[in-house]
2 protein chains.
Amino acid sequence: MSQNVYEPHNHSHCVDHAIDRARSLCEQRGARLTKVRLRVLELIWQSHKPMGAYELLAILAQEGFNPAPPTVYRALDFLLDLGLVHRLHSLNAFVGCNHPEDQHPACFFVCEQCGKAQELAADKLQALSRQVEELLGVTVNHQLTELSGICPGCKQKALEQ
Amino acid sequence: MSQNVYEPHNHSHCVDHAIDRARSLCEQRGARLTKVRLRVLELIWQSHKPMGAYELLAILAQEGFNPAPPTVYRALDFLLDLGLVHRLHSLNAFVGCNHPEDQHPACFFVCEQCGKAQELAADKLQALSRQVEELLGVTVNHQLTELSGICPGCKQKALEQ
DNA sequence: ACGCCTTGTGTTATATTGTTGCAATTCTAT
DNA sequence: ATAGAATTGCAACAATATAACACAAGGCGT
Ligand SMILES: [Zn+2]
Ligand SMILES: [Zn+2]
Ligand SMILES: [Zn+2]
Ligand SMILES: [Zn+2]
C-alpha cells in the first residue's frame with residue numbers, strides 16, 4: 001500500500017521519486033525519456049488529481065510545444081506502455097503510478113469532490129483475476145478497478161458549511 | 001454468479017428475463033419504460049457484446065426514431081439510473097445487467113477477441129470497497145472493475161488456425 | 001564523417017463520443 | 001379541464017481520440 005494522498009505530505013518527494021524512477025526505468029528498458037515525455041510526466045505529477053489529455057495539451061502549448069493532440073497522446077502512450085502512468089477511463093484522465101517497476105492491475109479511489117486519486121495495492125485484485133480465470137476458463141490480460149466517493153477532507157469541509 | 005456467456009445457451013431466455021425484470025422494476029419504481037427506452041434495452045440485450053451509443057443510435061435512426069444523440073443518451077441515462085444497464089468505460093459501451101434489483105458494484109470480464117462481456121458476482125469487490133473505506137477513511141459511492149483478456153472460445157479458434 | 005535505419009516529431013484533417021439549451025409535446029394528477 | 005412534471009424534438013456544440021503522411025533527429029556500423 002502506498003501513502004495516503006488525502007493526508008498532508010511533502011509532495012515534492014512524490015514528484016522527485018516519480019521522475020527518478022522514470023529515468024532509471026527508461027534507461028533500464030532502453031527507452032528515451034524525451035523533453036515532451038518528461039514534461040508530460042511532470043505535469044501529471046504536479047498533483048494527485050488525474051489530468052485530461054487536453055488539459056495537458058493546453059499547458060504544453062503555452063510552453064512552446066507543438067499544440068496538436070498527437071503530441072500529448074503520443075507522450076501518454078509512451079508513459080502508459082512503460083507503466084509510468086495509469087489511465088482512468090471513467091474520467092478520461094491520466095495519473096502517475098507510484099510503483100511502475102512491476103506490472104500490476106490498477107486500482108484507484110478517486111474523490112468525487114476534490115478529484116484526488118489514491119492508488120491502492122492490489123493483492124486482492126490479483127486474486128480476483130486468478131479466480132475469474134478459473135471460473136470462466138479465460139485468460140486475463142488487463143484489469144482496472146475504479147472506485148469513487150468522498151475523501152475525509154471533503155467530508156470535513158462539507159460538515160463545516 | 002450468473003451463467004457463463006461464453007458457453008452456448010438459449011439467449012432468448014436472457015432477453016426475455018431482462019425485459020420482464022425491466023418492466024416490473026419500472027412499475028415498482030414508478031418509472032416509465034417508453035418506446036425508445038425499451039427499444040434501447042432490447043438492442044443492448046441482442047447479444048452479450050457491449051454496444052456503443054452511436055451504434056445504438058444508428059439502429060434507432062433506421063427504425064424511425066429521432067436520429068439525434070440525445071435520444072440515445074437520454075435512454076441510456078434512464079437505464080443506467082435504474083441499474084438496467086452498466087457502462088463499460090474502457091470501451092465506451094453499454095451492456096445489460098442481469099440482476100438490476102439490488103445495487104451492486106459492477107465487475108465485468110470482456111473478451112478482447114469476440115467482445116462478449118460476462119458480469120461477475122462481486123462479493124470480493126464489496127469486501128474491497130469496505131476495506132478501502134476503512135483504510136482511507138473515505139466513503140465509496142461507485143465502483144467498477146473491468147477485466148479483459150481472451151475467452152475459451154477464442155482461445156480455441158486461435159489454436160485451430 | 002558517411003549512409004542507413006529506426007524512432008520520434010510536425011502538421012493537417014477527421015473520427016468518435018458526449019453535452020447544452022430551449023421549444024414542443026405528452027403524460028399525470030388534481 | 002388544467003396546471004405541473006416528465007419526456008421528446010431539434011439544433012448546435014464540446015470534448016476526446018485517431019489517421020495519414022512528411023520531416024527531423026538520434027543511433028549504429030562502416
Ligand atoms: Zn504527493
Ligand atoms: Zn500503478
Ligand atoms: Zn445470453
Ligand atoms: Zn449488474
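So that the names make sense, note that chain A is the first sequence line, chain B the second, and so on, each numbered from 1.
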Rounding to a whole Å, what distance do you find between A:Leu82:CG and C:dG8:P?
-> 10 Å

In terms of hydrophobic clusters joined by side-chain contacts under 4.5 Å, are B:Leu82 and B:Leu144 together?
-> no

For the side chain of A:Arg32, counting heavy atoms from C-beta on, which of C:dG18, C:dT7, C:dT20 is nearest?
-> C:dT7

Calculate the interatomic distance between B:Arg29 atom CZ and D:dA6 atom C1'; express it in whole Å.
-> 18 Å

Could you tell me whether A:Arg74 contacts a base, only the sugar-phosphate backbone, or nothing, with contacts defined as non-hydrogen atoms closer than 4.0 Å?
-> base

Please give, in whole Å, the distance from D:dA25 C1' to A:Asn66 CG?
-> 15 Å

Give the intermediate values and the outcome of side-chain contact (heavy atoms from CB on, under 4.5 Å) for residues A:Leu38 and A:Glu42.
-> CA-CA 6 Å; A:Leu38 172 59; A:Glu42 285 174 348; 3.8 Å; yes

Quick one: label A:Ala68 by what it contacts on the DNA or RNA (base, sugar-phosphate, nothing), any heavy atom closer than 4.0 Å.
-> base

Can you tell if the side chain of B:Val40 reaches within under 4.5 Å of the side chain of B:Thr71, non-hydrogen atoms only?
-> no

Does the side chain of A:Arg87 get closer than 4.0 angstrom to OP1 or OP2 of D:dA17 through an N or O atom?
-> yes

Given atom CG of B:Leu88 and atom P of C:dT17, what is their separation to the nearest angstrom?
-> 14 Å

Is the phosphate of C:dT9, meaning OP1 or OP2, less than 4.0 Å from a side-chain N or O of A:Thr34?
-> yes

For B:Gln143 against B:Ser129, the heavy-atom pair lying closest together = OE1-CB, 3.3 Å

Starting at the 5' end of DNA chain D and moving along, which residue's nearest nucleotide shows up first, B:Pro69 or B:Lys35?
-> B:Lys35

What's the NE2-P distance between B:His89 and D:dA17, to the nearest Å?
-> 12 Å

Taking only heavy atoms on the protein side, list every residue of residues 36-60 of chain A lying under 4.0 Å from any atom of DNA chain C, sorted numerically.
-> A:Val36, A:Arg37

Determine whether the side chains of B:His89 and A:Glu146 contain a donor N or O and an acceptor N or O closer than 3.5 Å.
-> no

For residues A:His9 and A:His11, establish whether the separation of their ring centroids is below 6.0 Å.
-> yes

List the steps, then state whether salt bridge (charged side-chain N to carboxylate O under 4.0 Å, His left out) holds for A:Arg130 with A:Glu133.
-> CA-CA 5 Å; A:Arg130 273 184 243 114; A:Glu133 290 192 329; over 6 Å; no

Just how far, in rounded Å, is P of D:dT8 from CG of B:Leu33?
-> 10 Å

Of the listed D:dA17, D:dT7, C:dT7, the closest approach to the A:Asn92 side chain comes from D:dA17

Starting at the 5' end of DNA chain C, which residue's closest nucleotide do you reach first, B:Pro70 or A:Pro67?
-> A:Pro67

Would you kindly give the CG-to-P distance between B:Leu76 and C:dT19, to the nearest whole Å?
-> 10 Å

Report the distance from atom CG of A:Asp77 to atom P of D:dA17, rounded to the nearest whole Å.
-> 10 Å

Among D:dT16, D:dT7, D:dC10, the one nearest any side-chain atom of A:Tyr73 is D:dT16

